[in-house]
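First comes the structure, then the notes that go with it.
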Amino acid sequence: MMIKPMTAAQVAKRVMNQEELFILDVRNESEYKDWKIEGNSIHVINKPYFDLLDGVEEIVEELPNEDVLVVCAKEGSSKMVADMLDEAGIKEVSYLEGGMKAWSEYLEPVKVGDLSDGGELYQFVRLGKGCLSYLVESQGEAMIIDSNRMIQPYLDFAEDKSLTIKHVADTHLHADHISGGRKIAEETDASYWLPPKDATEVEFDYNGLEDGTEIEVGNTKIKVQAIYSPGHTIGSTSFIIDDQYLLTGDILFVESIGRPDLAGKAEDWVGDLRNTLYSRYKELSNDLLVLPAHFSKMSEMADSGVVAKKLGDLYKDNSGLNVDDEQEFRKMVTENLPPQPNSYEEIRQVNMGKINPEDEKQREMEIGPNRCAVN
């Protein structure tokens, strides 16, 4: 039979629709353990490509007899193994087109909900990286928040919906992924917004996101209100949209809280983090739907495909919001941390406009899982 490619978009649909999929990941064991395709109905095993060069007979019995997706880093090895499985009699074998690099870069837009005067809010889910970005649209205008490096999906989405992108913003200076905010602004002549306290070293012009800044999208007076909420970075700023939605950046997630150490200031910023989570957000309505900039586990995603939870529910269920002792909290967010993101210092340099690596280098810098949360 002819071996068929499966695109990252097709895999994403299966993951988000919780459809069964069996994956044979042929990358090295260390790469696999660090980062892989996950989902509630995804079954995956790891057999390194070099262990299969003499044949796949020994693993055939571990595989289903049909519908197997072979995955590798870039594509080539998975095509070769898929051919071998086909020759061994496995039906409907496919390979991931573009490999895990393509998976890392795919964005899936999901509608979060409606705005009060006719607009809509969308969450762009980057399943392969755990990044979440947002598009607010009203009366033919749009604003994008925390965009990823791959800007074309946002531009295509806006064109398909006949939207003019008027504003682009980052909630903070990102350290785990390269922002596409400035590029989108350059392409569309939109205004680019960034918190000034995170922008002391940037080498480009921007509009300052100050506490209380209000940005209007469309003629319906949909207000995107900035709230200063430091802790992950000194400038971290949240957004309240239409008095319904709270975009928390990397300060608060569905099942965890943000880490304060990615600029080497954990001890300095832990107090800000606690104040934001335990005081500033406490002043907000419990009915606000929290929409973070990242997620770590598929359990954080609702059946609709949206990663979100009401603020009041998070204060009940999120363990990071229920540490009464301040010293215990300080210890948790300064000692209980995952490894820092790959190339995080270089990524910060890119987002400051200080360096501009080639596209392939930027891809390599971003490869790997989301590591913005406290464990």
Side-chain angles (χ1 to χ4, degrees), residues 130-132 145-146 169-177 179 194-200 209-212 225-240 246-286 288 290-297 300 307-341 344-345 347-348 351 369-375:
C131 294
L132 301 167
I145 300 170
D146 285 335
D170 281 310
T171 55
H172 62 286
L173 187 77
H174 295 280
D176 80 306
H177 73 273
S179 168
L194 188 67
K197 290 186 178 181
D198 275 3
T200 56
L209 274 175
E210 304 282 1
D211 194 28
Q225 179 184 4
I227 298 178
Y228 181 49
S229 47
H232 178 65
T233 67
I234 192 60
S236 290
T237 299
S238 305
F239 289 98
I240 292 179
L246 175 63
L247 274 60
T248 54
D250 286 343
I251 285 288
L252 177 60
F253 308 115
V254 169
E255 293 186 358
S256 55
I257 60 175
R259 60 191 295 172
D261 68 313
L262 293 187
K265 299 290 184 70
E267 291 292 341
D268 294 341
W269 292 351
V270 64
D272 290 327
L273 179 64
R274 185 172 177 85
N275 184 62
T276 292
L277 296 175
Y278 284 69
S279 297
R280 194 82 201 260
Y281 280 177
K282 280 278 192 178
E283 299 171 358
L284 305 177
S285 169
N286 282 335
L288 287 171
V290 170
L291 296 163
H294 285 94
F295 69 105
S296 298
K297 305 173 185 175
E300 298 176 69
V307 178
K309 200 166 188 178
K310 284 194 174 182
L311 183 59
D313 292 333
L314 290 184
Y315 274 113
K316 295 176 185 175
D317 303 331
N318 189 319
S319 60
L321 299 178
N322 290 282
V323 182
D324 294 331
D325 184 82
E326 188 168 345
Q327 289 305 311
E328 184 181 344
F329 178 86
R330 178 177 291 272
K331 183 177 180 180
M332 176 183 71
V333 301
T334 57
E335 298 180 9
N336 189 30
L337 296 172
Q340 293 182 322
Y344 75 99
E345 274 295 352
I347 290 173
R348 292 180 74 248
N351 289 335
N370 159 41
R371 291 182 176 138
C372 287
V374 173
N375 283 337

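Hydrogens, waters and symmetry mates are skipped; everything else that's a heavy atom, side chains included, is used.
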Side chains of N318 and I257, heavy atoms from C-beta outward: is any pair under 4.5 Å? yes
Sequence neighbours left out, what passes side-chain contact (heavy atoms from CB on, under 4.5 Å) with A226? Give chain and number order. L209, T213, T237, F239
Please enumerate all residues that pass salt bridge (Lys or Arg N to Asp or Glu O under 4.0 Å) together with K309, with sequence neighbours excluded. D317
Report the residues that fulfil salt bridge (Lys or Arg N to Asp or Glu O under 4.0 Å) with D211, sequence neighbours left out, ordered by chain and then residue number. R280
Does D198 have any side chain to side chain donor-acceptor pair (under 3.5 Å) partners at least two apart in sequence or in another chain, and if so, which? T233
Partners passing side-chain contact (heavy atoms from CB on, under 4.5 Å) against E255 (at least two apart in sequence or in another chain): K297, S299, E300
Are any of the side-chain heavy atoms of L311 and T248 separated by less than 4.5 Å? no
We want to know whether D146 and T171 form a side-chain donor-acceptor pair, criterion being a heavy-atom distance below 3.5 angstrom. yes
Any donor-acceptor pair under 3.5 Å from H294 side chain to C131 backbone: no
Does the S236 side chain pair with the main chain of H172, one donor and one acceptor, at a distance under 3.5 Å? no
Could you work out, with side-chain contact (heavy atoms from CB on, under 4.5 Å) as the rule, every residue matching S285, not counting sequence neighbours? D287, L288
Only counting residues at least two apart or in another chain, list the ones meeting side-chain contact (heavy atoms from CB on, under 4.5 Å) with D325. Q327, E328
I want to check something: taking the side chain as every heavy atom from C-beta on, are I251 and L277 in contact at a cut-off of under 4.5 Å? yes
Applying ring pair (Phe, Tyr, Trp, His ring centres under 6.0 Å) to Y315 and not counting sequence neighbours gives none
Sorted by chain and number, sequence neighbours left out, ring pair (Phe, Tyr, Trp, His ring centres under 6.0 Å) with Y228 holds for none
Going by side chain to side chain donor-acceptor pair (under 3.5 Å), name the residues that satisfy it together with S238, two or more places apart in sequence or in a different chain. S229, Y281
In short, N322 meets Y278 closest at the heavy-atom pair N-OH, 3.2 Å
